[in-house]
Amino acid sequence: MRLRFGKNERLKSQKLLQFVFDNGRAFTAYPLKLIYLTVPDTDIAHSQMGVMVGKKKFKRAVARNRIKRTIREAYRLNKHLIFNNIEGKYAFLILYIGNDLPTFETVEKAMVSLFDKLITVEKNEKTDS
RNA sequence: CUUGCAGGAUAUCUUAUCGCGUCUCGCAUUUGCGGGAUGAGGAAAGUCCGGACACCAUAGCGCAGCAUAGCGGGUAACGCCCGUCGCCCAGACAGUCACUGUCAGGGUCGGACAAGUGCAACAGAAAGCAAGUACAGGUAAUGCUGUAGUGAAAUCAGGUAAACUCUAUGCGGUGAAACGCCAAGUAUAUCAACAUUUGAGGGUAGCGCGCCCGAGUUGAAGGGUUGGCGGAUAGAAUGUUGUGGCAACACAAGAUCAAGAUAAAUGAUAAGAGCCCUUUUGGGAUACAGAAUCCGGCUUAUUUCCUGCAUAAAAA
């Protein structure tokens, strides 16, 4: 699988975003929080991911941009962990809940542990049903 | 060498791998794949002024409100910029040194107090509504007159407008979430009130007038949408040369095209060069900060340099 992250893999619909935020299931691996939901094939072509960084915690746009880019980069480089292990399409929402500017390593570690949790949970549910 | 003042430049670079937005070419015609080009700032910030542009009526009149304030110029325009006069400030230097002179500079300074209202420390009888000390003169009598005394200023006015106010000039409102169009979709359903040229209601958002639109409007209860395209990046544009001007700037010639996103691209990793520290190995630092309709300013944040000037003389 290629390590791409184009426009159609981003969660952009206001409606879907709000829906995921309200109804999604969540995991936390500090400093990240993952909210996700399975979505029917007919609604979206690819699994989609969106990033949120609170404006209250980071007043400067430069800091927000940096965190968003770091998270997107970590997602891009590690998303194969999910899609090589689970079927289906998802909408992800990743929140940054830390208070300081993170390094790429901490974000990547948190991302991987989030994905581990997701995979175990989803696999268990599938085998149960 | 130090210090002060003013002005200007700059905001690390290269390569490799992975990746993103836009444009474009080719192949597929479906969502895509491949190649090429291009992709943050001096403040992109604060949103404080001025415009362009759009809509509101074609944006009119009066009142209210706001802004500006020597003189001259620049500009599309400005509360910005340039020049200049006065005043003030701060510093340096010199001398006959509590002062004076000269000089880099800087400024929340700059219409009117003989239109009215208000305010004014100390001193003083008194600084506009109520009075008056001493001496001299004068009177029927009296602060009636002069001088002294207080003070920057004394019945005569003066000071103060960063006091109200007056004068002159300018300003209609909203703000790209403006505005125009397309697609999808619902309900030409129900009830009530008012009205249809004798005008309901609306434009109208400081108030009033005037003007315009006008056959539907308002309320109750309920239903649907919240996608896309344009606006939107070739412009009061940039830099070069020449001419005019003390300057801001203007004109002419030829040259160049330089982000256009929308839950919002411009990034990550590695190596090297450069910078700083260290004898080397090596280590370290890299500010303020992210386009959101577009321009001209102002203000604030901030890295590292350079240049000029600072009575005269000498030196760097």
Side-chain angles (χ1 to χ4, degrees):
Chain A
M1 181 178 231
R2 304 197 41 179
L3 306 175
R4 317 199 89 188
F5 183 55
K7 245 180 168 177
N8 46 24
E9 293 182 50
R10 299 184 189 183
L11 185 55
K12 287 158 75 164
S13 160
Q14 187 86 37
K15 221 170 159 183
L16 184 57
L17 209 146
Q18 191 62 45
F19 189 73
V20 172
F21 196 85
D22 291 338
N23 303 307
R25 305 180 57 178
F27 300 115
T28 304
Y30 191 84
L32 300 180
K33 183 175 187 179
L34 173 72
I35 305 177
Y36 77 100
L37 211 62
T38 41
V39 180
D41 281 6
T42 47
D43 283 13
I44 51 175
H46 296 277
S47 286
Q48 294 187 334
M49 192 277 280
V51 181
M52 291 179 92
V53 179
K55 205 170 184 177
K56 279 182 185 168
K57 284 189 176 174
F58 297 95
K59 264 179 105 179
R60 305 281 174 210
V62 172
R64 288 199 302 276
N65 276 342
R66 174 145 302 283
I67 293 167
K68 282 190 207 168
R69 283 167 183 161
T70 311
I71 292 173
R72 274 208 301 270
E73 187 71 4
Y75 177 83
R76 181 176 74 81
L77 295 174
N78 293 291
K79 64 178 182 177
H80 61 274
L81 295 175
I82 304 177
F83 301 115
N84 288 347
N85 286 298
I86 318 179
E87 296 292 313
K89 289 176 180 173
Y90 294 85
F92 299 105
L93 197 57
I94 298 178
L95 276 65
Y96 187 77
I97 53 176
N99 292 315
D100 306 306
L101 269 177
T103 59
F104 180 74
E105 285 81 33
T106 52
V107 171
E108 192 169 31
K109 256 171 100 179
M111 187 73 69
V112 170
S113 83
L114 277 182
F115 286 172
D116 282 344
K117 287 183 192 173
L118 176 70
I119 290 163
T120 35
V121 169
E122 287 295 304
K123 276 194 170 166
N124 288 342
E125 284 195 356
K126 289 218 168 123
T127 47
D128 288 350
S129 63

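What you see is a predicted model, and the numbers here were worked out from it, not measured in a lab. We name chains A, B, ... by the order of the sequence lines, and we start the count at 1 in each one.
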Determine the Euclidean distance between corresponding [atom1] atoms of [M] and [N]; express it in Å to zero decimal places.
| N | M | atom1 | result |
| --- | --- | --- | --- |
| B:A215 | B:G199 | C1' | 10 Å |
| B:G51 | B:G60 | P | 15 Å |
| B:C80 | B:C61 | C1' | 33 Å |
| B:A258 | B:A232 | C1' | 16 Å |
| B:A291 | B:G46 | C1' | 16 Å |
| B:G39 | B:G260 | P | 10 Å |

message: Contact between A:Y75 and A:V51 at the side-chain level, heavy atoms closer than 4.5 Å - yes or no?
response: no
Write down the atom of [X], the atom of [Y], and the distance for their closest heavy-atom approach.
| X | Y | answer |
| --- | --- | --- |
| A:Y96 | A:V53 | CB-CG2, 4.2 Å |
| A:F104 | A:L77 | CZ-CD1, 3.8 Å |
| A:L95 | A:I35 | CD1-CD1, 4.1 Å |
| A:I94 | A:L34 | CG1-CD1, 3.8 Å |

Torsion-based syn/anti label for [N], 90° from 0 as limit:
| N | result |
| --- | --- |
| B:G128 | syn |
| B:A114 | syn |
| B:G227 | anti |
| B:A273 | anti |

field: RNA chain B: 5'-proximal contact among A:A61 and A:M52 (nearest heavy atom)
entry: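 The residue whose closest nucleotide sits nearer the 5' end is A:M52.
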query: Nearest nucleotide by nearest heavy atom, which residue falls closer to the 5' end of RNA chain B, A:K59 or A:G50?
result: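 It is A:G50 whose nearest nucleotide is closer to the 5' end.
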For [N], give its Watson-Crick or G-U wobble partner with both distances under 3.5 Å, or none.
| N | result |
| --- | --- |
| B:A258 | none |
| B:A131 | none |
| B:U102 | B:A92 |
| B:A252 | B:U241 |
| B:U165 | B:A112 |
| B:U3 | B:A310 |

List, with names and distances, any nitrogen or oxygen atoms from the protein found under 3.5 Å away from nitrogen or oxygen atoms belonging to nucleotides 268-270 of chain B.
unit_1	atom_1	unit_2	atom_2	d
B:A268	OP1	A:R66	NH1	2.6
B:A268	OP1	A:R66	NH2	3.4

query: Across the strands shown, which category fits A:R72 at heavy-atom distances under 4.0 angstrom: base, sugar-phosphate, nothing?
result: sugar-phosphate
- line: With the side chain defined as heavy atoms from C-beta on, A:V62 is closest, among B:A40, B:A289, B:A291, to B:A289
message: Per the salt bridge (Lys or Arg N to Asp or Glu O under 4.0 Å) rule, what does the pair list look like for residues 91-120 of chain A, sequence neighbours excluded?
response: none
- request: Could you name each residue pair satisfying salt bridge (Lys or Arg N to Asp or Glu O under 4.0 Å) that touches residues 57-69 of chain A, not counting sequence neighbours?
  value: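 The answer is none; no pair qualifies.
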message: Strictly below 4.0 Å: does A:R69 bring a side-chain N or O up to OP1 or OP2 of B:U266?
response: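 Answer is yes, contact under 4.0 Å.
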query: Under the side-chain contact (heavy atoms from CB on, under 4.5 Å) criterion, do A:F92 and A:L114 qualify, and how do the steps go?
result: CA-CA 11 Å; A:F92 299 105; A:L114 277 182; over 6 Å; no
